[in-house]
Amino acid sequence: VQLQASGGGLVQAGGSLRLSCAASRSIFSGKTMSWYRQAPGKERELVATITSGGQINYADSVKGRFTISRDNAQNTVALQMNSLKPEDTAVYYCYGWSGHEYWGQGTLVTVSS
């Protein structure tokens, strides 16, 4: 499995989407997991991080709108995105580290105005 992201799509501004990432146990268990995004013509940026103990950090641009969570039994990390804005349009990647970086394949989120 390694990292497999899903859940992207097209949504109108103000709508919601939920992204999910299934991870191999070696990448997930006891490790910090993150979501990144890359908008067209821009550099990849960190969106949210959750440690194995549940400590969470968000980019200022998504605070109060996005929620990261993890299911340690299922080895999954999710990103609930509410009140979506056109500027949230990007390819979203889940990320983990276990000896080296692991990136999911990316899932496209498009928010129309």
Side-chain angles (χ1 to χ4, degrees):
V1 171
Q2 295 196 332
L3 292 174
Q4 281 189 328
S6 61
L10 173 65
V11 64
Q12 288 188 332
S16 298
L17 281 175
R18 183 177 178 85
L19 306 183
S20 184
C21 179
S24 297
R25 184 176 179 183
S26 62
I27 300 170
F28 185 90
S29 182
K31 308 285 196 319
T32 295
M33 300 296 298
S34 302
W35 285 97
Y36 283 76
R37 68 185 180 186
Q38 187 166 19
K42 295 188 177 181
E43 293 187 355
R44 194 170 295 188
E45 63 174 354
L46 178 63
V47 175
T49 295
I50 184 167
T51 68
S52 59
Q55 186 173 4
I56 293 171
N57 283 290
Y58 296 103
D60 288 343
S61 58
V62 307
K63 281 181 182 176
R65 301 187 298 120
F66 290 13
T67 302
I68 189 172
S69 60
R70 64 190 291 156
D71 184 331
N72 291 330
Q74 298 293 325
N75 295 338
T76 58
V77 58
L79 186 68
Q80 177 67 41
M81 305 184 294
N82 298 330
S83 302
L84 283 161
K85 303 175 181 180
E87 50 263 45
D88 295 318
T89 294
V91 177
Y92 285 71
Y93 300 89
C94 54
Y95 170 88
W97 191 92
S98 179
H100 64 86
E101 295 183 333
Y102 288 90
W103 293 93
Q105 81 279 17
T107 185
L108 177 62
V109 172
T110 303
V111 184
S112 63
S113 56

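The analysis underlying the following values was restricted to heavy atoms, covering all of them including side chains, and did not include hydrogens, waters or symmetry mates. Bear in mind that the values here come from a model prediction, so they are computed numbers and not experimental data.
With rounding to the nearest 0.5 Å, the separation of OH in Y102 from CH2 in W97 is 9.5 Å. With values rounded to the nearest 0.5 angstrom, M33 atom CE is found 7.0 Å from I27 atom CD1. Rounding to the nearest 0.5 Å places CZ of R25 at 10.5 Å from CG of N72. Taken to the nearest 0.5 Å, the CG atom of L10 stands 9.0 Å off from the CG atom of L108. Taken to the nearest 0.5 Å, the OH atom of Y92 stands 7.5 Å off from the CG atom of L79.
Pairing each heavy atom of T76 with each of A22, the nearest pair is CG2-CA, 4.1 Å. Shortest non-hydrogen contact noted between I68 and Y58 is N-OH, 3.0 Å. When every heavy atom of R70 is checked against every heavy atom of F28, the shortest pair comes out as NH2-O, 3.0 Å. Of all non-hydrogen atoms in S24 and Q2, the two that sit nearest each other are OG-N, 2.5 Å. Across V109 and M81, no two heavy atoms sit closer than the pair CG2-CE, 3.8 Å. Closest approach of Y36 and V47 over heavy atoms only: C-CG2, 3.9 Å.
Counting only residues at least two apart or in different chains, side chain to side chain donor-acceptor pair (under 3.5 Å) contacts with residues 103-113 comprise E101-W103. The stretch residues 53-113 participates, sequence neighbours left out, in these disulfide (SG to SG under 2.5 Å) pairs: C21-C94.
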Verdict with reasoning, F66 to L84, per side chain to side chain contact (heavy atoms under 4.5 Å, CB included):
CA-CA 9 Å; F66 290 13; L84 283 161; 3.8 Å; yes
Using atom types as modelled, flag every donor-acceptor pair under 3.5 Å from a side chain in residues 39-46 to any protein atom, sequence neighbours excluded.
residue, atom, partner, partner atom, Å
E45, OE2, R37, NE, 2.6
E45, OE2, R37, NH2, 3.2

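No donor-acceptor pair closer than 3.5 Å links the side chain of T49 to the backbone N or O of S34. Side chain of K31 to backbone of S26: a donor-acceptor contact under 3.5 angstrom is found.
A salt bridge does not link K85 to D88: none of the charged side-chain nitrogens sits closer than 4.0 Å to a carboxylate oxygen.
For the side-chain contact (heavy atoms from CB on, under 4.5 Å) with Q80, the lone residue among S69, S16, S20 that qualifies is S16.
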